2 protein chains.
Amino acid sequence: MEFKQQEGVTLAEVAKAAGVGESTVSRVLRNHGSFTTKTRDRVLAAVQHLGYVPNRIAGTLASAGSRLVAFVIPSLSNIVFTDVLRGASATLEDHGYQAVFAVTDYDPEKEEALVASMLAWRPTAVMLAGYEHADGTVKMLRAAKCRVVEVLDIDGVALDLAVGFSNHAAGRESANFMLQRGYRRIGYVGHDLNRDTRASKRFASFCETLGAGGAPLADRQIHPGPSSVENGRIGLEQLLARTPDVDAVYFSNDDMALGGYFHCLSHGIMVPDDLAILGYNGLDIGRATPQRLSTLLTPRVTIGQVAAQLVVDDAPSQVIDLGFELIEGETA
Amino acid sequence: MEFKQQEGVTLAEVAKAAGVGESTVSRVLRNHGSFTTKTRDRVLAAVQHLGYVPNRIAGTLASAGSRLVAFVIPSLSNIVFTDVLRGASATLEDHGYQAVFAVTDYDPEKEEALVASMLAWRPTAVMLAGYEHADGTVKMLRAAKCRVVEVLDIDGVALDLAVGFSNHAAGRESANFMLQRGYRRIGYVGHDLNRDTRASKRFASFCETLGAGGAPLADRQIHPGPSSVENGRIGLEQLLARTPDVDAVYFSNDDMALGGYFHCLSHGIMVPDDLAILGYNGLDIGRATPQRLSTLLTPRVTIGQVAAQLVVDDAPSQVIDLGFELIEGETA
DNA sequence: CTGAAAGCGCTAACAT
DNA sequence: ATGTTAGCGCTTTCAG
C-alpha cells in the first residue's frame with residue numbers, strides 16, 4: 001500500500017506515479033487552474049496510493065501566504081484569552097489557516113521576543129492583546145508585511161486592525177450602575193494592575209466616574225498576584241477588615257468577584273443588602289451561583305471570530321467596537 | 001535605517017551588506033560552525049542595520065526539523081486542555097519550538113482532518129488527547145515520521161509517547177473513597193460521555209467498584225451537552241427529583257460538581273450531611289468555596305511539561321503515569 | 001575560518 | 001489542458 005512513506009512522499013513522486021507533470025498535480029490538489037476529470041482522478045488515485053501529504057512548508061516558500069496566524073497572548077489561564085482563541089480558531093480552520101500561539105505571561109519584553117520568533121514564520125497576521133507594546137514590538141510589526149490585530153481593547157491608536165471594546169467605557173458604565181443603585185461607600189478589590197493594563201483602564205475610569213458622581217472610592221485592595229477566586233476572597237476579607245462600612249465592592253473580574261461572594265456566603269454577609277458585588281467578564285459560572293452575579297458581559301468569543309474574519313478577508317485597517325453588556329444579576 | 005523591509009530582508013542581503021558569504025551569515029546566526037569574533041560582529045551589525053528577521057519557512061525546508069509542535073485538542077473551553085497547553089508551551093518556547101493548535105470539538109472525524117492538515121506543516125511532534133482516534137488518524141500518524149504524544153490517558157496502547165494517568169484508576173479511587181466514607185446510596189451526574197471518553201472510563205470504573213463494594217450506583221443523570229456549572233446544577237436537580245434519597249453524588253468533573261454544590265446552597269441541602277459531593281479535576285476554585293470541594297486533583301500542567309520535555313529530548317517511546325491525588329475537602 | 005553551489009518540495013509563469 | 005522551468009530563502013556539503 002504505502003511504499004516510501006518514511007521519508008515523506010513528494011509531489012514529484014506523485015506526478016511520476018500518475019504519469020503527469022508536477023504542476024498538474026499541484027493544480028489538482030489546490031483545485032486551481034484547469035484539468036480534465038480523467039487526469040484529476042489519476043492524480044487523486046496516486047495521492048491515495050502513495051499516502052501523499054503535501055508539504056506546506058515548501059508550498060509557502062514557493063508561493064507567498066503562509067496561512068499561519070500567530071497569537072501572542074498574555075496567559076492561557078485567563079478565560080478571556082482562550083475565548084478569543086476559541087472564536088478565532090474555528091473561523092481560521094474553516095478557511096485553511098492554522099493558528100500558532102505563544103504566551104507572554106503579561107511581560108512586554110517576552111512579548112517582543114515572541115513576536116520576533118513568530119514573525120520568522122511569516123504569518124499572515126499576528127494577534128496581540130491590547131495596545132501596550134514595547135517599542136521594539138511596534139517597530140517589528142510595522143516593518144513586517146503581515147496584518148496586525150490588537151484585540152480586547154480599543155482605547156488607543158491601532159497599529160492596523162483592532163477588535164474589542166472600550167475598557168474605559170466599561171469602567172464608567174460599571175461605576176454608573178453602582179451609583180444608580182444607590183451605593184455610596186464603594187470599594188475595589190483587584191489583582192496586579194501593572195500587568196493587566198486593561199483592568200487598570202477600567203479601574204481608572206471607574207474611580208473617575210465615582211468621583212464625578214459624588215461618591216469617591218472608599219477603599220481599594222490590590223492583590224499583587226494574578227486574578228483568582230482565592231485572591232478575590234482574600235482581597236475582600238482584607239478590604240473589609242480595614243474598611244468595614246463599604247456597601248458595595250467592584251472586583252477586577254468575575255473570578256475575583258466569585259471569591260468575594262464566597263467570603264460573604266461563609267461569613268453570613270447578606271448580598272446585596274449588607275454588601276453588593278459587581279464583577280466583570282460575564283462568566284457562565286456567575287449564572288449558576290445561588291444568586292446570579294451582577295457583571296459586565298464582554299464579547300470575547302465574538303471578538304475572536306470577527307478578528308479572524310477580518311484577517312481572512314484581508315479587510316482594510318479599522319477599529320471595531322463590539323461593546324459589552326451590563327448584566328443586572330442579584331448581587332448588586 | 002531600514003531599507004527594503006517591506007518585502008522582507010533576506011540572508012543574501014545581509015551577507016552582501018556584511019561583505020561575507022551567505023553560509024557565514026547562516027553559521028553566525030545559528031551559532032554553529034566556526035567564525036571569528038570580527039566577522040560575527042560585522043554580520044550582527046548588518047542584521048541589526050537591515051532589521052533582518054530569518055525566514056524559518058525557508059530554514060525548515062532547507063534543513064529538516066520544523067520545530068513546530070502540533071496540538072490537536074478537543075476543546076479550548078475545558079481547562080483540562082488549556083492547562084496541558086500551558087504546561088507544554090513554556091517548555092517548548094524555551095527550546096525554540098513553536099506551538100500550533102487546532103480544536104476538534106471532540107469529533108474524531110474532525111480530529112482526523114486536523115491531524116492531516118497539521119502533518120502538512122511537518123511538525124516535530126503532534127499531541128493528541130487520549131487513545132481513541134479514527135483509523136485514518138492512526139494510519140497517518142504511523143506513516144508520518146514525527147513523534148506522537150497522547151496525553152491525559154494511559155488506559156490503552158500508546159502509538160509512541162503517552163503522558164497522563166489512568167482514568168480507570170481515578171474512577172476506582174473515587175468510588176473507594178465514597179465507600180470508605182460510608183455512603184451507600186450514591187448517584188452520578190455527568191455530561192456527554194460519548195464525546196468525553198475519559199470521563200466515560202472514570203464512570204465505568206466508578207460503577208464497577210461501587211458494585212463490588214456492595215453499593216451499586218443508585219441513579220445517574222447524564223446531561224447530553226458539555227460539562228458546565230449550569231449543567232451540573234440542572235443535573236443534580238433532576239437526579240434528586242427522581243431519586244431523593246441518594247446520600248452522595250459523584251460528578252463528572254468540578255464544573256459539574258460546583259453546579260451541584262450551588263444547587264444545595266440555594267435549596268438548603270446540607271453538604272455533606274444531607275448530600276455529599278465529589279468532583280474531579282482539582283480546580284482552584286474548589287479551594288475557595290465556602291466548603292472546600294472534595295475532588296481528585298489531576299496533574300494537567302505537569303502533563304504538558306513532561307510531554308513537551310520528551311519531545312524536546314526526542315526520548316524513546318514510553319508511557320508515563322503521573323498519577324493523581326484525592327483531595328479530601330469538606331463536601332464529601 | 002570562509003565561500004560556492006546544490007538542493008529542500010513546491011508554485012507560478014510561460015510555453016505548448 | 002498540461003508540461004517545463006525558474007526560483008522562494010535558507011542550510012549544508014565540499015573545497016579552499
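In what follows, chains carry the letters A, B, and so on, assigned in the order in which the sequence lines appear, proteins first and then strands, with residues in each chain numbered from 1. Since we're looking at a predicted model, the values are computed, not measured.
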Student: Using modelled atom types and a 3.5 Å cut-off, is there a donor and acceptor pairing between side-chain atoms of A:H32 and backbone atoms of A:L29?
Tutor: no
Student: In whole Å, what is the span from the CZ atom of A:R40 to the P atom of D:dT2?
Tutor: 12 Å
Student: Rounded to whole angstrom units, what separation is found between the CD1 atom of B:I57 and the C1' atom of D:dC8?
Tutor: 11 Å
Student: Expressed in angstrom and rounded to an integer, what is the separation of A:L61 atom CG from D:dC8 atom C1'?
Tutor: 4 Å
Student: Using only atom types and a distance under 3.5 Å, with no angle test, would you say the side chain of B:E93 pairs donor to acceptor with the backbone of A:V103?
Tutor: yes
Student: Can you tell me how far P of C:dC1 sits from CG of B:N31, to the nearest Å?
Tutor: 12 Å
Student: C:dC10 C1' sits how many Å from B:W121 CH2, rounded?
Tutor: 12 Å
Student: Any sub-3.5 Å donor-acceptor pair from B:E111's side-chain atoms to B:H133's backbone N or O?
Tutor: no
Student: Does atom CG (A:D313) have a neighbourhood of more than 12 heavy atoms from anything else shown, all under 6.0 Å?
Tutor: yes
Student: Would you compute the distance between atom CG of B:N78 and atom CD1 of B:I73 and round it to the nearest 0.5 angstrom?
Tutor: 9.5 Å
Student: With heavy atoms under 4.0 Å as the rule, sort A:G19 into base, sugar-phosphate or nothing.
Tutor: sugar-phosphate
Student: To the nearest angstrom, how far is B:L29 atom CG from D:dG9 atom P?
Tutor: 16 Å
Student: Tabulate below the donor-acceptor pairs under 3.5 Å that side-chain atoms of residues 112-124 of chain B make, not counting sequence neighbours, or state none.
Tutor:
from   : atom 1 : to     : atom 2 : distance (Å)
B:S117 : OG     : B:L114 : O      : 3.2
B:W121 : NE1    : A:Q98  : OE1    : 3.3
B:R122 : NH1    : A:P54  : O      : 3.4
B:R122 : NH1    : B:L119 : O      : 3.0
B:R122 : NH2    : A:V53  : O      : 2.8
B:T124 : OG1    : B:R67  : N      : 3.3

Student: Should B:D153 and B:R198 count as an ion pair when the cut-off is N to O under 4.0 Å?
Tutor: no
Student: For A:K16 and C:dG9, what is the distance between atoms NZ and P respectively, to the nearest whole Å?
Tutor: 13 Å
Student: Between atom OG1 of B:T298 and atom CD1 of B:I303, what is the distance when rounded to the nearest 0.5 Å?
Tutor: 6.5 Å
Student: Dot-bracket notation for DNA chain D is requested: 5' to 3', Watson-Crick or G-U wobble pairs only, both distances under 3.5 Å, with ( ), [ ], | and . as defined.
Tutor: ||||||||||||||||
Student: Checking side-chain polar atoms at under 3.5 Å, does A:N167 have a donor or acceptor matched by the opposite partner on A:D155?
Tutor: no
Student: Is B:S34 touching bases, backbone alone, or none of the nucleic acid, heavy atoms closer than 4.0 Å?
Tutor: base
Student: Below 4.0 angstrom from OP1 or OP2 of C:dT2, is there any side-chain N or O of B:T39?
Tutor: yes
Student: Can you tell me how far C1' of C:dC8 sits from CZ of A:R56, to the nearest Å?
Tutor: 18 Å
Student: When you check every protein heavy atom under 4.0 Å of nucleotides 11-16 of chain C, what one-letter string (B, S, -) results, 5' to 3'?
Tutor: SBB---
